[in-house]
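Below is one structure, written out as structure tokens, with a few remarks after it.
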Amino acid sequence: MFTFAVTLSMIKKMKLKLPLSYYLNQDVIFLAKDLLGKVLFTEIDGDVTAGIIVETEAYFGVLDKASHAYGGRRTSRTETLYHPGGVSYVYLCYGIHHLFNIVSSVEDEPHAVLVRAVEPLIGSDIMELRRNMPASRPAISSGPGSAAKALGIDRSFNKKDLTEHEIWIEDHGIRYAADSIVAGPRIGVAYAEEDALLPWRFYVKGNKYVSKPRS
DNA sequence: TGGGGGATGGGCT
DNA sequence: GCCCATCCCCCAA
């Protein structure tokens, strides 16, 4: 009986990176759900870290009152959202936290998926240094600000090509049963009026890295 | 040019 | 549960 470990170098040799065509999909609600289980990577000064995406939110472009692009708003910040799918959108929230989004769909259709939590997969030791806490604590990568920080994502990652090698996403074949994916209202978007109630937050039921909405 | 507010998180009570 | 850090964005003027 043989056993073997999947090493980082083996993973790097396989063609697991999601292709540009994946991000051009015009159904951002589908993508937000489909991205659960995909693996988000960064490589910074030779340090590779990666986490399994376990919580996302879809932002439905110009029609979505919760989106930065609502009503077709086009500013220097939101310009990234109008780019064709397959780039990152990173912005500073509350002056402190960097929030990472995946821009999707075609040019001038500013859809995006916010990554709200990841489960550490590769480089937990590096994440511990970035977060200044032990990897045993779910808080290390729970919530959009923490997930981005654990992966070393800051504003310099805005508008990066996700098919390149600074930040990218891979499919490692992780799949969740339909009944273990939960859909519910998005977090922190009360200002979006009726759109605040849309069930466009998706997460893996029971996963300890999924963020806890404040009650 | 000014100021109100935000797709949050951590620490303390 | 409460508090507030901290900075950039954005729109009104």
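Just so it is clear, the structure is predicted and the values come from calculations on it, not from any experiment. Within every chain, numbering begins at 1; the chains are lettered A, B, ... in the order of the sequence lines, protein sequences first and strands thereafter.
V118(A) and A147(A) make their closest contact through N-CB, 4.1 Å (heavy atoms, listed as atom of the first residue, atom of the second, distance). Taking each heavy atom of I167(A) and I153(A) in turn, the nearest pair found is CD1-CD1, 3.8 Å.
For the pair Y91(A) OH and dC10(C) C1', the computed distance is 14 Å after rounding to whole Å. The distance from atom CG of L99(A) to atom C1' of dC9(C) is 14 Å, rounded to the nearest whole Å.
Not a single donor-acceptor pair under 3.5 Å links the side chain of D171(A) to the backbone N or O of K38(A).
Pairs passing the side-chain hydrogen bond (donor to acceptor under 3.5 Å, both in side chains) check and including a residue from residues 176-187 of chain A, sequence neighbours excluded, read D64(A)-R186(A). The side-chain hydrogen bond (donor to acceptor under 3.5 Å, both in side chains) contacts involving residues 112-125 of chain A comprise E55(A)-R116(A), R116(A)-S211(A), E119(A)-N207(A), where partners must be two or more places apart or lie in separate chains.
For G188(A) and R137(A), each mapped to the nucleotide of DNA chain B holding its nearest heavy atom, the one lying further toward the 5' end belongs to G188(A).
With sequence neighbours left out, A50(A) forms a side-chain contact (heavy atoms from CB on, under 4.5 Å) with V39(A), F41(A), I122(A). Every residue was checked against the ring-ring contact (aromatic ring centres under 6.0 Å, His included) condition with Y82(A), not counting sequence neighbours, and none meets it. Applying the salt bridge (Lys or Arg N to Asp or Glu O under 4.0 Å) test to R155(A) and every residue at least two apart in sequence or in another chain returns nothing. For K149(A), there are no salt bridge (Lys or Arg N to Asp or Glu O under 4.0 Å) partners, not counting sequence neighbours.
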Under 3.5 Å, side-chain donor or acceptor atoms of residues 106-114 of chain A against the rest of the protein: list the pairs with distances, not counting sequence neighbours.
| from | atom 1 | to | atom 2 | distance (Å) |
| --- | --- | --- | --- | --- |
| D108(A) | OD1 | R74(A) | NH1 | 3.1 |
| D108(A) | OD1 | R74(A) | NH2 | 3.1 |
| E109(A) | OE2 | S105(A) | OG | 2.6 |

Full working for ring-ring contact (aromatic ring centres under 6.0 Å, His included) between H68(A) and Y59(A):
CA-CA 9 Å; H68(A) 291 166; Y59(A) 285 82; 7.6 Å; no
Using the rule given for salt bridge (charged side-chain N to carboxylate O under 4.0 Å, His left out), can you reason through K17(A) versus E170(A), listing the C-alpha separation, both sets of side-chain angles and the distance that settles it, and then say yes or no?
CA-CA 4 Å; K17(A) 192 180 287 189; E170(A) 297 189 358; over 6 Å; no
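Taking a heavy-atom distance under 4.0 Å as the criterion, the stretch of DNA chain B touched by chain A extends 5' to 3' from dG6(B) to dG10(B).
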Please list, for nucleotides 4-6 of chain C, all pairs of protein and nucleotide N/O atoms separated by less than 3.5 Å.
| from | atom 1 | to | atom 2 | distance (Å) |
| --- | --- | --- | --- | --- |
| dT6(C) | O2 | Y94(A) | O | 2.3 |

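Under a 4.5 Å side-chain heavy-atom criterion applied to ILVMFWY residues, the cluster that includes Y70(A) comprises that residue alone.
Between R155(A) and the phosphate of dC7(C), there is no side-chain N or O to OP1/OP2 separation shorter than 4.0 Å.
As judged by a 4.0 angstrom heavy-atom cut-off over every strand, L114(A) is placed among the base-contacting residues.
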For DNA chain C, what dot-bracket results from Watson-Crick or G-U pairs at under 3.5 Å, with [ ] for crossers and | for inter-strand partners?
|||||.||||||.
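Of the residues in residues 74-86 of chain A, those lying under 4.0 Å from DNA chain C by heavy-atom distance are T75(A), R77(A), T78(A).
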